[in-house]
Amino acid sequence: MVIVFDLDDTLFPESAFAHSALAAVGRMAAQAYGWADYGAKLAELHAAGRRTELFQVAAQELGHGMMSPTQLAGLLACYREHRPAALPWYPDALEAVRSLHSRFPLELISDGYLPTQRNKAAALGLEQWIPRPTFTEELGRQDWKPSPRAFELLMARHPGERFAYVADNPAKDFIAPRALGWVSVRIRRVDGVYAAEPDAPAGSPDIVRPDMTDLMACLRI
Ligand SMILES: [Mg+2]
């Protein structure tokens, strides 16, 4: 069986990247515009759940007015190209990957901006376990999940195999693997970003677990 993982909030908490990248944006704004408290404001708004227009709202709340498109683009690029030195795995995910990788082919399918996803993978040391991660952005924005394309590419890479997809987002992660006959496993962590989300009608997973501790038993491998 080929075991395919999602990246964000499946193998590591994506908020760890966000914290690190927002701090980098704060340092950039302090240096470029003299906004000493911008990083702290970003962290505060992010912690309160703010996601849309985060950079613009933080500037406005600090009395800096609306940012120009150029200013905003500069801060966004700083965020998306941020390279954290290290990121923390979920301990159970690292344990699962360690124990599985010598026995099964391991793969990864992840959506997101390409430099960001590559930098996350590098900070996790992912390639020692999963040497050829599939970032859907390489295929084009139209092939972000729930597109089946990345899943089909892995089926072509491992002909005749069975597949499992281990992921966390009920809205988009399980639609393609279900349609293609894969086993799908939703990791629904207690504090996960989608923990409260119901399963999507077209893509309800075969298995739901709170973490990866008993992943092999669930997959009967
Ligand atoms: Mg995810």
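Indexing begins at 1, ligand by ligand and atom by atom, following the structure's order. On a predicted model such as this, the values are computed, not experimentally measured, just so you know.
Under the side chain to side chain contact (heavy atoms under 4.5 Å, CB included) rule, Gln117 has a single partner from Thr136, Leu7, Leu126, which is Leu7.
The Mg ion (ligand 1) sits nearest to atom OD2 when only the N, O or S atoms of Asp6 are considered.
In this structure a side-chain-to-backbone donor-acceptor pair under 3.5 Å is missing from Arg186 to Val208.
Atom OH of Tyr38 is separated from atom CG of Leu75 by 5.0 Å, given to the nearest 0.5 angstrom.
Here Asp173 fails the criterion, with no N, O or S atom under 2.8 Å of the Mg ion (ligand 1).
To the nearest 10 degrees, the Mg ion (ligand 1) sees O of Asp8 and OD1 of Asp168 at an angle of 100°.
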Working for salt bridge (charged side-chain N to carboxylate O under 4.0 Å, His left out), residues Lys145 and Asp6: CA-CA 11 Å; Lys145 294 176 280 187; Asp6 167 56; 3.1 Å; yes

